[in-house]
Enquirer: 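Got a structure here, written out as structure tokens. Questions coming.
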Amino acid sequence: MGGYFSTVAIMIGIYALVASGLNIIVGFAGQISLGHAAFFGIGAYSTALLCTKAGLSFWWSLPLATLITGMIGALLGIPSLRVRDDFLAITTIGINFIVRSIFLYVPFFGGALGIGGIPTPILFATKLRGQYYLALVAVLLALVTWFTFLFVRTWTGLATEAIREEETAAGAMGISHVRFKILAFTIGSAMAGLGGVLYAHFVNFISPDDFGFPVSIMLLSMAVLGGMGSIWGPILGAIVLGSLPELFRPLVQYRMFLYGAALLLVIRFQPQGILGEGSVLSRLVSRRRQ
Amino acid sequence: MQLLTEHLINGLAVGSIYALMALGLAMVYGILRILHVAHAGVYAIGAYVGLYTFQATDSFLVAIAVAMAACALVGVAIEKLVYYPLLKFPPYVPLIASIAIFLSIEELCRIVAGPYILGFPRRLALDSLTLGPVSLGGMQILVLLTSLVILLVLWFISDKTEVGLAMQATSQDMAMASAMGVDTKRIISITFALGSAVAAVAGVLVGIYYNQVYPTMGAVPAYKTLAIIVVGGLGSIPGAVLAALLLGLAEALLIGYAAIPLPRDALAFIAMIIVFMIRPQGLLGKKTR
Amino acid sequence: MSMPGEDLILRVEKMSRHFGGLKAVDNVSFHVRRGEILGLIGPNGAGKTTCFNVISGVYRPTSGQVFLDGSRIDGLPAHSIAARGVGRTFQIVRPFGGMTVLNNVMVGLGMPRYGSFIKSSPLFNNSKNRGQAMAFLNEVGLEGLADSPASILSLGNLRRLELARALALGPKLLLLDESFSGLSQEEVGRMMGLVRKIQERGFTILLIEHNMRVAMSLCERLVVLDHGGKLAEGTPDEVRSDEKVIEAYLGKGE
Amino acid sequence: MLEVENLTVAYGDILALQDVSFFLEAGEMVSIIGANGAGKTTLLNTLMGLVKAKSGRALYVEPSKDGGNRGRDILQLPAHERAALGIRIVPERARVFPNLTVEQNLRMGVYGLSGSVDVERAFGEVYELFPVLKERRRQAGQTLSGGEQQQLAIARALVSSPRILLVDEISMGLMPKLVDLVFSVLKRLNDEKGLTILLVEQNAVKALAIAHRGYILETGRIALEGKASDLSQNPKVREAYLGGDAAGGSV
Amino acid sequence: ADTIRIGLLAPLTGYAAADGLAVLQSVKLAVDQVNAKGGVLGKQIELFYEDDAGEAKEAIGLARKLVQMDKVVAVVGGSYSMPTRAVAPLFQEFEIPLVAGYAVHPDITAAGDFCFRNGFLGTVEGRGAGVAAVDMLKAKTVGMLTMDNDFGRQMAEGFKSYVVSKGAKVVYSQVYPLGEKDLMPYLTAVKEADPDVILASGYYAEAAGIVKQAHEIKLRTQIIGEEGYDSPKFIELAGPEAANGTIIVTNLDRDDERPVAQAYIKEYRERYGMEPDMTGASNYDAFLIIVDGIRRAGTTDPHKVKDAIAALKDFDGVTGVIKGFTEIGEVIKPVQVQIVKDGVFRRYGIVDDPEVIDPRK
Ligand SMILES: Nc1ncnc2c1ncn2[C@@H]1O[C@H](COP(=O)(O)OP(=O)(O)OP(=O)(O)O)[C@@H](O)[C@H]1O
Ligand SMILES: Nc1ncnc2c1ncn2[C@@H]1O[C@H](COP(=O)(O)OP(=O)(O)OP(=O)(O)O)[C@@H](O)[C@H]1O
Ligand SMILES: [Mg+2]
Ligand SMILES: [Mg+2]
């Protein structure tokens, strides 16, 4: 497997991880977020600062940056308590823009120059590159997926879903929308933060534009395309949307157009995602089961 | 004092362009509850069609008319082919579709017209108007007047006519509206045609005002207008206009006087978040449960 | 009216809720005794649902107080009032549409756990919980639809689901907002039996009802609201023959 | 006036109505009775065009053109064209437009009819019937109480002077006084103006008392039909739908 | 192999697609010219180009692809700072020479001895603009309206340090976001501050906006722009009338009589039907520097090619006579000062004071 392929695979893995976090917020808690790249960025910047300025090693920084992002996610989830639905969607766009502006304008974050020299992780005296890094990403993705799997089966998951369906009725069932919405934001953001850490140590340098609004859009597209609210959805979405542009690469000039058109066609004809209810794939699977 | 007036007039002109862009979006949102990001793509198409027509005919009015017609068509096509079939799905589904359309339009413009910024071949000869100490640029007059006319027409349609009422009813319960005799498909198409035609006007005006037409010209408006319509109160047309004008003015004044260290695009969103903390339903929005 | 030492589960004191200039509930006081079935009736727009909304924490009162078991609950968020043992149904039904009927009820079963992270982290879908939830569905007659998504239920069935969900909370006070409307006649009879059974289990019930057959035969006492204020209060027989109530609410009919 | 043949309706894989056939004579009031989930709402919504039929026909015959006309199948028409023919519905759960005011909701009732209906008079009539609506003219639909919304839904259907009125549990949420009023209004409209009414009602006693004929719907099929008076005497019907003998009047 | 494979990364789509196109066209021109003359070391050159869309995360995969799958022996970095900066350490690790055309970030050459740059650092160009302002135009007061990115900021720094050292006063300083179209509020404020010259950075779109809107409000201040202005599009969009008299610092001199420059300009025009600009020229040179390195090394062995490039001396490039590279790989060449006259760029002056143009300063 060439380095090019492992690069693409690593990016897909990272996006799958981040999109899984988004799936918790949007798919399970029903809080539309169009600013998920902000948390991706916060994770990346946290680890970049922890490693380059505070001199932490990757292995310390990984959990710490994830935690920090989760906490900031809790904070930035507060607007979801006040505004809903499309208002929230747009508020989260705003959050994305503001966070990116802060990276860009506050010198501490390296401004437009970004932060460079983010170390490649070392395990047993080997630098984790290429396939090794891919293995690391795969292990973490598996962990996160397993976590999601459990999450939706707990009372917490049930309560979160109830809020998504009917907030007032959920309140009458004893469910605090504050607690569970913030919790969803915290978990979802922490996953994005974890993805950000992996991204930063893979690319070795980061700049504000890596976490702009278009990235949020791509993440949401991945989650929706795969099948929002299904655990494998974001992973599948990341694989499809992560590899499509690579497939179209020989068509240089037409590549992004084809990408857009392909995304449009899939969402138009499989609106519930490739794995969602009533999709071709899920029908095939259920037919086989019968 | 004179400086202040210049800032104010510039802010008003920019604000009314924002208003034109946001209007169509507010209308479309109003009827289908879709965050129609591709509206910004329609706006770019308007600018290109206007530009090419202007090159061919040398007439501003023809350019505007052709651009409006073309955009109305594109808008209705998007509605019929994509949005309408997706209505019963959660809102992020049509949103993603919309973003995909927007991306495709941007790329299509780039493939067809090249990646370059194009300019209008000849600047329109418009005299400037001097009122006392204040001098209004010809372009500014054009922008202000055009916007005013369009705003009035739209306000009349949406507030004073049966079609306007039908639009509101359709947006709230499409099935019941049709049970009351409303041809909802037609109403939706009318809304898209109108909103898209207004976007065309905005596109042409921006193209002339800044003399820049380029594939990604919709990128900034795409999200900024979203902020504007939510600040105004989603779906509220007067709200969108008010928010657009306020934003135009605020930008001009803040940048002119305060030398803020944040880009103006973040400004719209900061304003938005502040508004939400005070009025979660937006400036002129109705509270919904 | 309340006697000292009487066992009151709910006390509503001088409660008002205004919307702008509209006094939906205005200076209303009443109480519910432990173990009784109290009916809240009155003309359309009298403020009954608004009363429920204040008691259950959907709205804050504009003024006045609400006591549950002696402690004040007005102004508390809805979920903590539910956690204190107040369950309710909604006049305009609010199912968790995308979830199965069974899971709708499961949500109710989870109530004791939503207050803490530790308690809300176990998995919910085990046979014990399923069995309990099915028992509630059985009581309201929805067992056949347990695995359907709630969104496809007919209105009458949604009313029953609302009731099952509220029962699953195990509330000490149950608020029923027109839970009998839209039920077929046969079902109405069955549900009345169910409500009595619930009462026998020690629950207290406060219900809003326009179906006088139900209200008169189930309730031990009735409170009549009109235009936001209290019009009358008493046993069904007293209320039925009250001229003001007939004039405003019952009509001369039949 | 309306002849429904072999109507079948499905939601996805679930059959809600199977091979339902019935008819409505001009000027008739017909009641449909059935248990919860039997398909009553589905039936009315399908006739109005809110739900799509899977198969079957519903022939509408213009009352004016007497004799040998075949009528047209309204199932092929979009809802708004059915509304134009004079078919109106008082839907289950009222479904008032939540953000329109009471008055705007009523204006929707006469949408496109300003030429053919005396709007002022029609509004005056419903305001007289339901004075609370006049009081609440400027209040948004969604802030009305449940019973007020129901009144608005009835008024919204009546202002258009319909030819066929489909009524889905008209008494739901109404106070006893209004229940009586509403039924007497239906009866009066039917008697005096010859309004054709298809009545779905849980309060079967009341429904059969004012209807001419009735149909019993059981899990999506017509199980029984007959004159209203016959049905209300039928022991099986009494047992299942009239609440046994407990079914007295309201008070 | 029977060809020599050289790679190119350029933003062919995305926000910088216009520059990417100029780069690709110029490098293709250069490839054809070299191949027409028999190639190098007796072999034809084969170009492998990839579109990084101007984004770092795209570029890193493509860099690997160029090296590992396409087996290129050297790469022209025809993209912006962010992607180029991301890939420089990779090429260093793969030991493949990289010559960046116009990416300005300092980290690119800092990645190691395989990384070179044939463009100015922001500070150098800023100092060049400083010379134009205080030495050529004799400005006493200056203003700065700086594009908000790495290049804009570095340039402002270089400019400021130079003009201040020469005793001029900075009376206005403001950063504006990229992509800004409405520059009125800034320009109105500049009008108020009224400096003798203003350094206004920006790519051609912003540049056209600045110059056009300044013309509209009748701003008297002389505008000095930078290489971002260096595009025929700038003049077209601003309108010749407004653009006239604008002075820019760049690395392409249209009035350069040397045959290599004139030949490039002429052939580019003929082949593509458009005016060449600085981005194309700079990458054209970058490519030829690599070819020259291979020729002098006599082999495609990356280590030898790298050493040959590092040893470059007085190379006759389109963008001036390149004196060579510093030990860290920064180019040393004169800064060109151009002025818009009658709708075209003409020579205004050349800055070749070693104190100014030496990137090590
Ligand atoms: N959010 C609100 N804003 C404005 N007015 C409201 C609001 N909610 C309720 N009202 C008004 O308050 C009054 C009382 O409403 P409420 O729903 O409590 O009546 P109710 O007694 O439950 O009537 P019904 O028997 O019809 O359900 C009504 O007139 C209603 O219009
Ligand atoms: N949207 C839907 N999707 C799927 N199934 C549905 C849907 N709406 C209704 N059904 C099913 O169709 C059947 C008939 O429902 P309908 O609402 O017509 O009953 P109904 O006779 O009006 O009952 P009720 O007296 O409770 O109002 C029920 O089994 C119901 O579950
Ligand atoms: Mg009520
Ligand atoms: Mg029904």
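All values below come from the heavy atoms of this structure, side chains included, with hydrogens, waters and symmetry mates left out. Naming convention: chains lettered A, B, ... in sequence-line order (proteins, then strands); numbering from 1 in each chain.
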Enquirer: Counting only heavy atoms not in C/Phe19, do more than 12 fall under 6.0 Å of its CZ?
Expert: yes
Enquirer: Count the heavy atoms of every other residue, nucleotide or ligand shown that sit under 6.0 Å from NZ of C/Lys23, and state whether that count exceeds 12.
Expert: no
Enquirer: Assess whether atom CZ of C/Arg196 is packed by more than 12 heavy atoms of other residues, nucleotides or ligands within 6.0 Å.
Expert: yes
Enquirer: Roughly how far, to the nearest 0.5 Å, is the CE atom of C/Met99 from the CD atom of A/Glu165?
Expert: 6.5 Å
Enquirer: Which one of C/Ala150, C/Gly97, C/Gly108 has the most heavy-atom pairs closer than 4.5 Å to chain A?
Expert: C/Gly97
Enquirer: For A/Trp146, does the CH2 atom sit with more than 12 other heavy atoms under 6.0 Å from it, leaving out its own atoms?
Expert: no
Enquirer: Find the distance between OG (C/Ser120) and CD1 (A/Ile175) and round it off to the nearest 0.5 Å.
Expert: 10.0 Å
Enquirer: Using side-chain heavy atoms (C-beta onward) and a distance below 4.5 Å, is A/Met173 in contact with C/Arg165?
Expert: yes
Enquirer: Using a 6.0 Å distance limit plus a 45 degree cone around the ring axis, check whether A/Arg179 lies over the aromatic ring of C/Phe117.
Expert: yes
Enquirer: Using a cut-off of under 4.5 Å on heavy-atom pairs, state which of A/Ile163, A/Thr156, A/Leu158 scores highest against chain C.
Expert: A/Leu158
Enquirer: Using a 4.5 Å cut-off on heavy atoms from C-beta on, say whether the side chain of A/Trp155 contacts that of C/Leu109.
Expert: yes
Enquirer: Using non-hydrogen atoms only, which part of C/Pro122 is less than 4.5 Å away from chain A: side chain, backbone, both, or neither?
Expert: both
Enquirer: Report which part of A/Phe180 has an atom under 4.5 Å of a heavy atom belonging to chain C: side chain, backbone, both, or neither.
Expert: side chain
Enquirer: With a 4.5 Å limit on heavy-atom distance, are the side chains of C/Phe90 and A/Thr168 in contact?
Expert: yes
Enquirer: Could you tell me which of C/Ala166, C/Gly115, C/Pro171, C/Ser56 has the largest number of non-hydrogen atom pairs under 4.5 Å with chain A?
Expert: C/Gly115
Enquirer: For C/Pro95, is it the side chain, the backbone, both, or neither that has a heavy atom closer than 4.5 Å to a heavy atom of chain A?
Expert: backbone
Enquirer: What part of A/Val178 lies closer than 4.5 angstrom to a heavy atom of chain C: side chain, backbone, both or neither?
Expert: neither
Enquirer: Which atom names give the shortest non-hydrogen contact between A/Leu150 and C/Leu123, and what distance separates them?
Expert: O-CD2, 3.9 Å
Enquirer: To check you understand the geometry: which heavy-atom pair defines the closest contact between C/Ala82 and A/Gly174, and what is its length?
Expert: CB-N, 3.4 Å
